[in-house]
There are 2 protein chains.
Amino acid sequence: MARGRTDTKTRLMDVAEKLFADHGFDGVSLRRITTEAGAQLAMVNYHFGTKRGLLEAVIARRIEVLSEQRVRLLEDLEAAAGDGPLPLEDVVAAFIGPYYRLSSNGGRGWKNYGRLVAQGANSRALIQHGLSNLFDPVAKRFIAAFQRALPERSEEQVVWGFHFLMGTMLYMFAETGRIEKLTGGKYRSGDLDAMYAHVVPFLAAGFRACEAQVQRQAS
Amino acid sequence: MARGRTDTKTRLMDVAEKLFADHGFDGVSLRRITTEAGAQLAMVNYHFGTKRGLLEAVIARRIEVLSEQRVRLLEDLEAAAGDGPLPLEDVVAAFIGPYYRLSSNGGRGWKNYGRLVAQGANSRALIQHGLSNLFDPVAKRFIAAFQRALPERSEEQVVWGFHFLMGTMLYMFAETGRIEKLTGGKYRSGDLDAMYAHVVPFLAAGFRACEAQVQRQAS
DNA sequence: AACCGAATTATACGAACGTTCAATCAAATT
DNA sequence: AATTTGATTGAACGTTCGTATAATTCGGTT
């Protein structure tokens with residue numbers, strides 16, 4: 001159709017992505033989504049079956065891109081490392097870097113997705129409900145990769161480190177605007193370049209921390 | 001009224017806290033809240049004015065407790081430090097420790113609050129809207145305290161470190177259950193004792209990490 | 001030229017929503 | 001004993017919600 005540059009199905013996902021991120025899943029009506037997308041109300045049920053189906057389609061199309069890039073970078077690392085340990089900073093970058101680049105240069109949709117997924121990731125409703133099956137296999141691969149990057153660390157330390165990394169990453173790409181309020185606008189939560197430059201060494205140092213402390217106490 | 005052990009106003013806040021955390025603000029109706037609280041529908045508007053007023057009351061009563069404890073611990077640190085620098089681990093513990101202890105031993109309400117605030121903190125709607133004014137003054141004090149604990153680090157590094165700490169903390173107390181799924185139940189996101197033991201050295205090491213290297217954005 | 005199936009339109013349905021308000025209750029105060 | 005006041009009840013308001021369905025459009029195949 002000539003209603004917009006893209007087809008109806010894509011426009012619906014784009015608008016829903018933004019509005020879900022702004023107001024939450026139940027905070028937006030299908031009427032508002034279809035109106036802002038220039039489509040008829042019934043098109044959501046036609047293309048996605050149900051409102052929840054629309055949400056899942058919105059999330060799935062981004063996770064697939066993200067997972068593919070993460071896995072590809074990790075496989076490159078594994079190929080380059082041979083039998084040796086993986087470089088820790090590179091594993092962190094392989095996980096967060098794709099998200100960083102897509103959020104920076106992937107268009108407005110990725111910004112909306114970042115805010116949406118930061119809310120959804122913190123609610124059990126979405127996690128338990130199949131949507132995370134698109135994410136979990138990749139996450140498991142990265143936990144194993146972090147263990148390979150930190151061969152002297154216990155599994156426990158690596159698992160919790162990955163947990164802290166998840167929280168940091170989700171909050172980072174949510175771009176909540178809180179840091180602006182706290183610093184009077186001097187630092188901006190949308191300044192992903194600055195944040196990414198700091199977050200990789202920050203998380204890598206955290207991963208290495210627990211054992212360093214144990215070693216100090218033992219020696 | 002012998003409907004419950006506590007008065008209606010408190011019961012409404014307790015039930016709303018849990019349901020808002022489970023389903024989001026717009027995912028729960030006042031009818032469901034009042035029914036589960038054993039109260040009449042009109043009581044929400046009577047006690048809190050509006051549905052949103054109920055949400056704000058729910059969040060405010062917890063933030064006030066949290067802020068008071070955080071500030072008290074920080075003032076103790078400042079008194080003990082005199083003119084010297086603050087011990088970094090202690091500042092981290094002064095910020096996260098109260099939340100950890102309340103979430104562990106403060107009753108089920110604090111668990112619900114943790115999940116609720118992790119969603120709300122990632123949505124601009126709540127942050128821009130006055131509710132964060134209860135949190136921001138304390139956050140500003142802690143950013144200053146972190147600078148005092150890291151006199152050789154740039155303000156920029158400290159600010160971003162605090163940002164990463166916020167994300168880690170919010171995700172930690174959301175207890176999303178994701179780490180169970182990723183580890184087959186071997187590690188549990190409700191094991192706050194283990195998480196807290198790891199998170200303080202993790203974040204402290206991140207704060208101390210050397211200045212961010214200038215990283216080129218590659219694709 | 002007739003046809004087909006996917007996409008779109010227009011409309012309707014029943015249910016649930018937040019909010020309001022007059023009436024009633026129950027103590028504490030006068 | 002009468003009165004006041006905050007808390008609670010029960011019912012209703014108009015609106016909006018997600019979903020379903022029959023009718024219509026239209027380019028590509030027959």
Side-chain angles (χ1 to χ4, degrees), chain A residues 1-61 116 119-120 123 125-126 129-131, chain B residues 1-61 116 119-120 123 125-126 129-131:
Chain A
M1 295 300 291
R3 184 85 69 154
R5 310 187 321 280
T6 57
D7 63 349
T8 300
K9 196 171 177 180
T10 302
R11 288 202 321 279
L12 285 172
M13 286 195 282
D14 290 342
V15 172
E17 191 169 50
K18 167 173 170 40
L19 293 179
F20 285 159
D22 283 342
H23 307 100
F25 177 71
D26 291 292
V28 194
S29 66
L30 292 183
R31 283 167 177 81
R32 180 162 180 198
I33 292 172
T34 51
T35 297
E36 296 199 14
Q40 285 284 334
L41 174 59
M43 295 314 289
V44 168
N45 295 290
Y46 176 76
H47 282 294
F48 305 99
T50 176
K51 186 184 184 185
R52 172 153 194 120
L54 171 59
L55 171 66
E56 296 184 357
V58 161
I59 298 182
R61 69 169 172 171
L116 172 59
Q119 299 174 245
S123 82
L126 280 188
H129 222 282
L131 254 181
Chain B
M1 58 289 338
R3 187 83 71 152
R5 311 187 321 281
T6 55
D7 63 349
T8 300
K9 196 171 176 181
T10 303
R11 290 203 319 279
L12 285 172
M13 285 195 282
D14 290 342
V15 171
E17 190 171 49
K18 167 175 169 39
L19 293 179
F20 285 159
D22 283 342
H23 308 101
F25 177 71
D26 291 293
V28 194
S29 66
L30 292 184
R31 283 167 176 82
R32 180 163 179 196
I33 293 172
T34 51
T35 298
E36 296 198 15
Q40 285 285 336
L41 174 59
M43 296 315 288
V44 167
N45 298 95
Y46 175 75
H47 282 294
F48 305 98
T50 175
K51 186 184 183 184
R52 172 155 195 120
L54 171 58
L55 171 68
E56 296 184 357
V58 162
I59 297 182
R61 69 169 171 170
L116 172 58
Q119 299 173 245
S123 82
L126 280 189
H129 222 281
L131 255 180

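These numbers come from a predicted model, not from an experiment. Convention: sequence-line order gives letters A, B, ...; per-chain numbering from 1. These numbers come from the heavy atoms of this one structure, side chains and all, not from hydrogens, waters or symmetry mates.
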Give the minimum heavy-atom separation between [X] and [Y], together with the two atoms involved.
X	Y	answer
Gly27(B)	Asp26(A)	CA-OD2, 3.4 Å
Val44(A)	Thr50(A)	CG1-O, 4.3 Å
Gln119(B)	Phe20(B)	OE1-O, 4.2 Å

Would you say [N] has OP1 or OP2 under 4.0 Å from some side-chain N or O of [X]?
X	N	result
His47(A)	dT8(C)	yes
Thr8(B)	dA7(D)	no
Thr50(B)	dT19(C)	yes
Ser29(A)	dC17(D)	yes
Gln40(B)	dT8(D)	no

Could you walk me through whether Met13(A) and Thr6(A) satisfy the side chain to side chain contact (heavy atoms under 4.5 Å, CB included) test, starting with their C-alpha distance in whole Å, then the side-chain angles of each, then the deciding distance to 0.1 Å, before giving a yes or no? CA-CA 11 Å; Met13(A) 286 195 282; Thr6(A) 57; over 6 Å; no

Between [atom2] on [N] and [atom1] on [X], what's the gap in Å once rounded to a whole number?
X	N	atom1	atom2	value
Arg31(A)	dT19(D)	CZ	P	11 Å
Lys9(B)	dT8(D)	NZ	P	11 Å
Arg52(A)	dC17(D)	CZ	C1'	18 Å
Leu41(B)	dT19(C)	CG	C1'	8 Å
Asp7(B)	dT8(D)	CG	C1'	13 Å
Leu12(B)	dA7(D)	CG	P	13 Å
Leu19(A)	dC17(D)	CG	P	12 Å
Arg32(A)	dC17(C)	CZ	P	20 Å

For a side chain to side chain contact (heavy atoms under 4.5 Å, CB included) check, start with the C-alpha distance between Val28(A) and Asp22(A), then their side-chain angles and the critical distance, and finish with the verdict. CA-CA 9 Å; Val28(A) 194; Asp22(A) 283 342; over 6 Å; no

Side chain of [X] only, please: which of [options] is the nearest?
X	options	result
Met43(A)	dT20(C), dG18(C), dT9(C)	dT9(C)
Ala42(A)	dT9(C), dT19(D), dT19(C)	dT9(C)
Tyr46(A)	dT21(D), dG10(D), dT8(C)	dT8(C)

